[in-house]
Amino acid sequence: MDEVVAGLNDAQRAAVTSDADVLQVLAPPGSGKTKTLTARVAALLARGIKPWSIIVCTFTIKAAMEMSERIEAFVGKEAREKLRIGTFHRIALGYLRRNNEKAGLNSKVGVADMTDSIAILKRIIKENKYDLDPNDTAGKISRQKSKGIELEEYIQSLKKPTEQREFVETWREYQQALITSNLLDFDDILLRCVSLLRAHPDCVAGIDTVLVDEFQDTNGIQYQLMALFAQHANRITIVGDPDQCIYSWRSAEVKNLGMMREKWSSTITINLEENYRSTGAILHVAQQLIEQDEARPPKKLQATHEIGHRPVLRRLPTARDEAEWIATEIKRTQALTADLLEHSDFAILVRSAALSRSVEGALKKHHIPYRMVGGVKFYDRFEIKLILDYLRVINHTSHSEALGRIMNVPPRRIGEKTMDSLRDRAQKENRSLWSLLNKFTIHDSIGGLKVSSAAQNGLKQLVSLIRSCQKQLNSGNATIPELIEFVVKGIDLKTYLKAKYSDTCEGRLGNVDELLAQAAEVSSSFPVAIDEESVLTQESSDVVESPLTAFLADAALASATDVRNAEENVSASLVTISTIHAAKGLEWPAVFVPACYDGSIPHSRSENTDEERRLLYVAMTRAKGLLSLSCPIQDSHQQQTTLSSFISGSDVMECFADRGPNLRFSDVQALSRVIHRECPQERDVWSSSKTLERDQDDYWPTDGSVPEKLGEESGVSSEEYTSGFASVRTQMNSIMQSKHNLKEDRALKRQKVEQTKQQAVSDARAYQQQVSGQRDLVSFFQKPKAEKTSIASINTVQITTSTTMDALQGVSNQHASMTRVSNPSYTVRSQALLKKRRAEPPEAPYSFLSSSPTRPEDDQENKEVVDNKQGAMKAATTLHKTSMDVNKRTGKVLGMRRSLNGWPPGGKKN
DNA sequence: TCGGACCAGCTTTTT
DNA sequence: GCTGGTCCGA
């Protein structure tokens with residue numbers, strides 16, 4: 001026990017050793033939250049509580065793994081493996097699997113990831129022609145489920161049963177589709193588990209203690225689940241911080257903290273107050289920020305480190321400059337600290353993943369290695385999803401969504417039409433898509449269902465491939481990696497990827513190898529707790545879950561960036577680019593938060609300003625020693641920005657410096673103390689600083705204007721420089737202007753077209769009154785498709801219109817013409833008519849429309865734009881060269897000045 | 001009816 | 001910069 005509490009402060013120690021049954025530990029950023037929780041687990045074990053009777057719930061897989069590792073360091077691998085550590089979803093799924101009969105589930109039940117859910121909803125909405133957005137609907141369903149509300153209950157809560165008919169129907173069909181495909185969506189995992197544990201409390205009879213990390217992020221259903229896990233012994237420890245609640249959009253309920261205290265009145269609360277992570281200056285600004293929220297109860301946060309550097313708030317002209325600045329600051333910081341900081345010590349935290357692009361560009365340009373966390377996830381990559389879908393079908397052919405996705409990938413000449421008719425038929429006959437396909441391979445046609453012979457061949461190929469895979473699997477001598485390889489060969493993935501992604505195919509094939517490696521690891525990977533425990537506690541363990549089912553469930557739940565990459569990157573030190581959300585719980589010596597403007601943070605789509613503020617708070621408190629916020633004057637869409645309202649207030653504003661720190665040697669020493677590393681030698685700092693072009697953050701003016709003056713001491717006169725710059729600016733401006741004009745012009749044209757179209761419709765209507773009984777003409781013009789067509793096709797339609805008008809007037813066989821006009825696929829564009837059209841140009845009022853959509857003027861303009869751009873590029877290159885030259889010379893001058901000032905101190909330099 | 005070419009719009013955060 | 005939708009030729 002002594003060893004467990006060694007190195008803990010009083011509050012932490014109290015939390016770790018507390019005898020309280022129900023314990024809330026409120027832990028602000030950097031207060032050793034994870035450390036306390038892991039130590040408490042170790043203390044419980046030391047008290048003789050059996051590892052398999054402890055549940056530790058986290059929110060992310062990453063957090064679960066980190067926790068797992070840390071606990072292992074305390075209690076050893078054996079005990080750790082018996083603990084039940086994992087995300088809520090994974091633990092819940094484990095219970096469902098082991099008690100599948102009690103839960104009324106098929107033993108092979110799979111997990112529907114978000115792609116599946118959205119795909120199902122899309123299909124339902126399309127089929128029924130509902131006026132719903134699939135994404136919104138998914139969110140709405142999920143939000144209800146997160147509160148523990150299922151469909152029937154929701155219907156009852158409606159005032160009128162007819163209310164929201166489309167939504168309710170969609171939900172109903174969605175649930176039905178999940179059942180047909182034998183799937184649970186993310187929320188269902190939790191819901192089903194709640195009902196299981198309610199009906200069969202004995203499933204968790206062996207559980208002694210439940211610990212929950214990041215409790216402020218639990219939603220209603222997770223809270224219920226926690227209570228149910230602990231229903232026998234009622235021993236619960238939670239750790240959390242209301243200030244870091246950033247998941248209320250996922251229905252996280254901060255009020256769960258209060259509810260917990262109400263439900264278990266003996267709840268003891270312990271506040272951790274000392275911060276071991278960040279410098280005083282960083283904490284101060286973070287505190288100023290979070291205190292803007294007046295509804296928040298005041299809370300102490302005590303710095304243990306020295307005051308340190310003032311955080312930076314940097315203004316820059318554009319998003320590009322901002323990215324460039326970050327890259328140069330990273331380089332400058334590294335050089336001025338003589339590599340005290342590695343690349344992996346820097347993080348760039350963005351509000352939304354899309355913002356990373358400009359930063360990535362700049363880092364690439366400066367050859368700074370980086371990794372993006374939370375970008376395109378491994379399991380979201382096309383080739384991985386494809387293989388997984390094949391595996392899903394092989395494992396369980398009723399997975400119709402997956403089957404639908406792989407049916408024509410790689411192309412088997414099975415198009416949308418064929419697929420729709422197959423789905424339709426399957427639904428009518430109330431059978432799975434697969435069984436229908438199966439039938440197709442035996443009989444060449446089924447009851448009047450038409451499928452082209454090419455498509456039929458394709459179907460046969462697919463079915464036989466899946467069948468032979470299943471044979472492999474069932475024979476029992478194929479491992480998952482072997483199965484994957486079999487699939488890859490069977491669909492000739494290599495050739496397909498090469499054809500489809502000629503440029504990125506290498507990397508994609510690499511991803512496939514990656515998947516193979518992960519599949520090989522599946523049995524040994526975390527968490528193994530579930531199997532161990534079922535043996536030890538003699539819970540019903542007669543269900544032997546196939547490794548493939550387990551692998552697929554893992555893949556669906558594993559949204560975290562892939563584990564292996566993280567491992568590989570240990571050797572290569574990489575700068576981290578991450579969303580703020582994904583950065584929660586982590587820390588870095590130096591943190592950059594770009595794009596601090598209104599619309600980004602707080603995000604324009606966000607409805608909860610306080611949560612956005614907490615988000616910025618989380619971002620700031622990731623930093624140990626150096627924190628830099630930045631804000632471009634112009635965002636990436638050339639729009640003016642307003643500095644984030646969170647930091648423009650004077651209380652916060654005055655905490656910031658307006659440019660990067662000077663990083664004198666004393667600063668380096670201070671930094672090394674904060675991050676607990678040995679300080680580099682002064683002479684090393686000096687020599688590494690010489691590699692820099694400039695050793696201060698003084699290239700960009702602090703007011704965010706464009707740098708115009710460079711060192712006048714250098715050979716380049718400032719006029720020369722300024723005029724060069726001005727000319728580039730002028731040219732750039734003229735490019736922007738012409739681009740703008742072009743845009744406006746196009747908009748104008750579109751408007752004209754629109755007007756004429758309406759004119760045409762009303763003309764047609766008038767005409768219709770003349771030609772009684774020819775209703776088709778008007779309905780043709782009113783086709784929504786026609787309304788949506790681009791300029792080009794509108795032109796065609798219009799030409800056709802006037803042509804038809806002509807034809808109608810001239811040709812006696814009116815009926816024939818009308819029939820053609822009424823055909824929505826524009827077959828009126830028959831050769832004969834077009835020829836006639838060419839021979840006799842149409843009359844006004846439609847004549848101007850017949851001009852080509854890319855007018856010669858446009859071409860001319862485009863060319864000018866291109867020419868201008870090239871000219872500007874050239875100028876810019878020259879300019880850049882000049883500025884580099886200036887920089888070099890300035891650098892020299894600065895270097896000289898520095899040595900004149902006696903720095904580095906004599907004697908220390910070799 | 002299918003597949004390739006092109007264009008538009010989008011982009012909050014995650015299990 | 002990627003996806004989804006639309007158009008058009010075969």
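In this text, all values refer to a predicted model and were calculated from it rather than measured experimentally.
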Item to check | Steps toward side chain to side chain contact (heavy atoms under 4.5 Å, CB included) verdict (Glu322(A), Phe592(A)) | outcome: CA-CA 11 Å; Glu322(A) 183 183 36; Phe592(A) 293 88; over 6 Å; no
Item to check | Pair Trp171(A)-Gln144(A), side chain to side chain contact (heavy atoms under 4.5 Å, CB included): steps then yes or no | outcome: CA-CA 11 Å; Trp171(A) 190 350; Gln144(A) 293 305 324; 3.7 Å; yes
Checklist entry - If you measure from the P atom in dT13(B) to the same atom in dG4(C), how many Å do you get, rounded? => result 16 Å
Checklist entry - Relative to the 5' end of DNA chain B, which residue comes earlier, His89(A) or Ser352(A), by the nucleotide with the nearest heavy atom? => result Ser352(A)
Item to check | Centroid under 5.5 Å and tilt under 30°, Tyr247(A) to dT13(B) | outcome: no
Checklist entry - Does the pair Cys245(A) and Asp217(A) meet the rule for a side chain to side chain contact (heavy atoms under 4.5 Å, CB included), with working shown? => result CA-CA 6 Å; Cys245(A) 174; Asp217(A) 289 330; 4.0 Å; yes
Checklist entry - Donor-acceptor pair, Asp188(A) side chain versus Leu191(A) backbone, under 3.5 Å? => result no
Checklist entry - Arg250(A) near the nucleic acid: base, sugar-phosphate alone, or nothing, with a heavy-atom cut-off under 4.0 Å? => result base
Item to check | Rounded distance in Å - CG (Asp213(A)) to P (dT14(B)) | outcome: 17 Å
Item to check | N/O (side chain, Asn219(A)) to phosphate O (OP1/OP2, dT14(B)) under 4.0 Å | outcome: no
Next on the checklist: Measure CG/Leu422(A) against C1'/dT1(B) and give the value in whole Å, please.
Outcome noted: 14 Å
Next on the checklist: Base, sugar-phosphate or nothing for Asp113(A)? Non-hydrogen atoms, less than 4.0 Å.
Outcome noted: nothing
Checklist entry - At under 4.0 Å between heavy atoms, what does His603(A) touch on the DNA or RNA strands: base, sugar-phosphate, or nothing? => result sugar-phosphate
Checklist entry - Whole Å only: how far is the CZ atom of Arg413(A) from the C1' atom of dG3(B)? => result 8 Å
Checklist entry - Heavy atoms under 4.0 Å, any strand shown: does Phe59(A) hit a base, just sugar-phosphate, or nothing? => result sugar-phosphate
Next on the checklist: Closest approach to the side chain of Arg357(A), judged atom by atom: which nucleotide of dC2(B), dT14(B), dT11(B) is it?
Outcome noted: dT11(B)
Checklist entry - CG of Asp133(A) versus P of dT11(B): gap in Å, rounded? => result 9 Å
Checklist entry - Between Leu349(A) and Trp588(A), does a side chain to side chain contact (heavy atoms under 4.5 Å, CB included) hold up when you go through it step by step? => result CA-CA 11 Å; Leu349(A) 306 181; Trp588(A) 290 270; 4.1 Å; yes
Checklist entry - Relative to each other, are the rings of His89(A) and Phe186(A) parallel, tilted or perpendicular (30° and 60° limits)? => result perpendicular
Next on the checklist: Quick check for you: among dG3(B), dT11(B), dT14(B), whose closest atom lies nearest to any side-chain atom of Pro411(A)?
Outcome noted: dG3(B)
Item to check | First of Met419(A) and Met114(A) reached from the 5' end of DNA chain B, by closest nucleotide | outcome: Met419(A)
Item to check | Length of the line joining Leu190(A):CG and dT14(B):P, which is rounded to integer Å | outcome: 18 Å
Next on the checklist: Checking side-chain polar atoms at under 3.5 Å, does Asn256(A) have a donor or acceptor matched by the opposite partner on Thr218(A)?
Outcome noted: yes
Checklist entry - Whole Å only: how far is the CZ atom of Phe186(A) from the C1' atom of dT13(B)? => result 15 Å
Next on the checklist: Taking the minimum atom-to-atom distance to the side chain of Thr418(A), which one of dG3(B), dT14(B), dC2(B) wins?
Outcome noted: dC2(B)
Checklist entry - Roughly, in whole Å, what's the span from CD in Gln244(A) to C1' in dT13(B)? => result 15 Å
Next on the checklist: Please check if the number of heavy atoms outside Arg250(A) that lie under 6.0 Å from its CZ is greater than 12.
Outcome noted: yes
Item to check | Whole-Å distance separating the OH atom of Tyr496(A) from the C1' atom of dG3(B) | outcome: 11 Å
Checklist outcome for this item: Read 5' to 3' with Watson-Crick or G-U pairs under 3.5 Å, [ ] for crossing pairs and | for partners on another strand, DNA chain B gives |||||||||......
Next on the checklist: Quick check on dT14(B): is either OP1 or OP2 less than 4.0 Å from any side-chain nitrogen or oxygen of Thr579(A)?
Outcome noted: yes
